[in-house]
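Beneath this line is the structure, given in structure tokens, with notes to follow.
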Amino acid sequence: MSERVVLAYSGGLDTSVAIPYLAEQTGGDVIAVAVDVGQGGEDLEEIRKRALACGAAEAVVVDAKEEFAADFCVPALQANALYMDRYPLLSSLSRPLIVKHLVAAAKRFGGTTVSHGCTGKGNDQVRFEAGLAALAPDLKIIAPARDFAWTRDKAIAFAEEKGLPIDVSAKSPYSIDQNLWGRAVETGFLEDIWNGPIEDVYDYTADPAEPREADEVVITFESGVPVALDGRPLTPFQVVDELNRRAGAQGVGRIDMVEDRLVGIKSREVYEAPAAIALIAAHMELENVTVERDLARFKRSVDQRWGELVYDGLWFSPLKDALDAFIADAQKHVSGDVRMTLHGGRAVVSGRRSGASLYSYDLATYDTGDAFDQSLAKGFVELWSLPSKIAAKRDREV
Ligand code: ARG
């Protein structure tokens, strides 16, 4: 039986060149699969036509924007997922979704092999292949950039030799990955970690230092899912999309960091994730109001581990599934409104209200009407400090 190679296709130079190259290498057919995860830019139909023009036997485009928002971004929001306390995992979230659609295409078209354009130095190869190992362990994998040491120059020469209908001059100095949850920029002059990012690097966000009027937004959550902005019911995709524009216009969500990759190297990354950063801040605050103290404390360590698993490519794994169940349970009461001011690069919470609030004015107030019985505190504090008191006494004596 001849090979049928299912290729994760972006429409760019590298994966376009991969189409005739994979056909040549395997003597088989190439099925190009392009997934819309809200990356914007080119029309999917254009991308589909280009895949066919480059020699793909089949070309499939999938509009997965709502699925990406609801099944990948929302869980990340519920986990307040920030790898190394800063990176909202945008690339890490899209890979498992793309894997799902590659596997579906392999089933539909009798695929025997899957191919992706990742190099051997990054996390994304791990995310693709660990996902495939879980969902479709029988499919073979070819990664031309990694396995056959493809370089950009080689790709351009090959494109010209084959007369592929792609614009080889459209060359960005950066490696960019973007989707609904944000945008990642690396390489070029950013590889010198002393170099500051220039405005040119950014696309989702305006310069936060520019003077402008603040924006105020009320975000409504139901069980940890954002369901409305300013009282208008919206799908998760619509919420994220609108907040990307509104928070982006205020310069919210720029991140410049050195990051620990799974393959062992440290890399310089510039991100912009306006909606993700604003939503996570809002969601965390609503959890502060509605989640009981011990559950909240424990959840922080679960959130951290969840983010690491997803960063490390283990979206489809038993521990991730079990943590999802915990997080889903912890979201039961995370319902209500959060008001935020978006301004000067920051998304700051200024108000919260919830029918499931654990905040009690009567217990918290220092004014008249205080329902907190302070006389109980004296005995509580004495017993609370008893073990340390005894231990300290022993230490003085020994
Ligand atoms: N460092 C980030 C991650 O591992 C972003 C990777 C972006 N990918 C890219 N091809 N630029 O999740």
Side-chain angles (χ1 to χ4, degrees), residues 8 10 33-40 44 61-83 87-105 116 118 123-124 126-136 177-184 204 219 221-227 234-244 253 262 271-280 282-283 302-328 330-331 334:
S10 71
V33 178
V35 184
D36 186 353
V37 285
Q39 62 270 42
L44 277 192
V61 292
V62 188
D63 178 354
K65 294 194 293 287
E66 292 284 356
E67 180 189 8
F68 182 56
D71 299 347
F72 293 81
C73 302
V74 166
L77 171 60
Q78 295 181 333
N80 302 311
L82 294 172
Y83 179 67
Y87 164 45
L89 294 180
L90 43 111
S91 303
S92 335
L93 295 172
S94 71
R95 277 18 177 213
L97 172 139
I98 296 170
V99 165
K100 274 179 73 178
H101 290 286
L102 293 174
V103 170
H116 60 73
C118 305
N123 298 312
D124 291 328
V126 182
R127 297 170 185 145
F128 273 117
E129 296 181 25
L132 288 165
L135 298 189
D177 185 44
Q178 64 187 51
N179 62 47
L180 181 70
W181 206 232
R183 184 165 174 272
Y204 284 18
I219 306 172
F221 291 87
E222 256 168 43
S223 301
V225 181
V227 295
L234 298 170
T235 66
F237 168 77
Q238 291 169 327
V239 168
V240 179
D241 189 47
E242 179 172 331
L243 275 179
N244 269 335
L262 181 56
Y271 299 112
E272 38 183 355
I277 293 302
L279 280 166
I280 290 171
H283 176 260
V302 171
D303 288 349
Q304 163 98 8
R305 195 71 190 90
W306 191 98
E308 289 166 355
L309 284 170
V310 171
Y311 185 86
D312 291 348
L314 299 178
W315 181 274
F316 303 105
S317 68
L319 179 54
K320 156 80 168 40
D321 289 348
L323 298 187
D324 279 337
F326 171 87
I327 292 171
Q331 294 306 290
V334 185

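All values below come from the heavy atoms of this structure, side chains included, with hydrogens, waters and symmetry mates left out.
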request  = Give a yes or no on whether E66 atom CD has more than 12 heavy-atom contacts from other residues, nucleotides or ligands under 6.0 Å away.
outcome  = yes
ask   = Would W181 and F68 satisfy ring-ring contact (aromatic ring centres under 6.0 Å, His included), going step by step from the backbone distance to the final call?
value = CA-CA 9 Å; W181 206 232; F68 182 56; 7.9 Å; no
Any donor-acceptor pair under 3.5 Å linking the side chain of [X] with the backbone of [Y]?
X    : Y    : result
D63  : K65  : yes
D312 : L262 : no
N179 : L90  : yes
Q178 : Q39  : yes
Q78  : A330 : no

Within-4.5 Å side-chain heavy-atom neighbours: [X] and [Y]:
X    : Y    : value
Y83  : S92  : no
I219 : L243 : yes
V227 : L234 : no

Considering all heavy atoms of both residues, which atom of [X] and which atom of [Y] are nearest to each other, and what is their separation?
X    : Y    : answer
S91  : D177 : OG-OD2, 2.7 Å
P75  : A70  : CD-O, 3.5 Å
L180 : A69  : CD2-CB, 3.7 Å
G38  : Y204 : O-OH, 4.2 Å
A275 : V240 : CB-O, 3.4 Å

Pairwise distance [atom1]([X]) to [atom2]([Y]) - rounded to 0.5 angstrom:
X    : Y    : atom1 : atom2 : value
L89  : R95  : CG    : CZ    : 12.0 Å
D321 : L314 : CG    : CG    : 11.0 Å
L279 : C73  : CG    : SG    : 9.5 Å
L319 : R305 : CG    : CZ    : 5.5 Å
L93  : R127 : CG    : CZ    : 8.5 Å

ask   = Are I280 and L77 close enough, and set up right, to give a side-chain contact (heavy atoms from CB on, under 4.5 Å), and what steps lead you there?
value = CA-CA 6 Å; I280 290 171; L77 171 60; 3.9 Å; yes
Extract all donor-acceptor atom pairs below 3.5 Å that involve side chains of residues 97-104 and protein atoms in other chains or at least two apart in sequence.
| from | atom 1 | to | atom 2 | distance (Å) |
| --- | --- | --- | --- | --- |
| K100 | NZ | E67 | OE2 | 3.2 |
| H101 | NE2 | E67 | OE1 | 2.7 |

ask   = Hey, are Y311 and N123 close enough side-chain-wise for a donor-acceptor pair under 3.5 Å?
value = yes
Residues forming a side chain to side chain donor-acceptor pair (under 3.5 Å) with Q331, sequence neighbours excluded = H283, E287
request  = Kindly write out the residues that satisfy side chain to side chain donor-acceptor pair (under 3.5 Å) with Q238, not counting sequence neighbours, or none if the list is empty.
outcome  = T235
Partners passing salt bridge (Lys or Arg N to Asp or Glu O under 4.0 Å) against D324 (at least two apart in sequence or in another chain) = K320
Set of salt bridge (Lys or Arg N to Asp or Glu O under 4.0 Å) partners for E242, sequence neighbours left out = R232, R246
message = Please enumerate all residues that pass side-chain contact (heavy atoms from CB on, under 4.5 Å) together with A79, with sequence neighbours excluded.
response = A81, D303, W306, I327
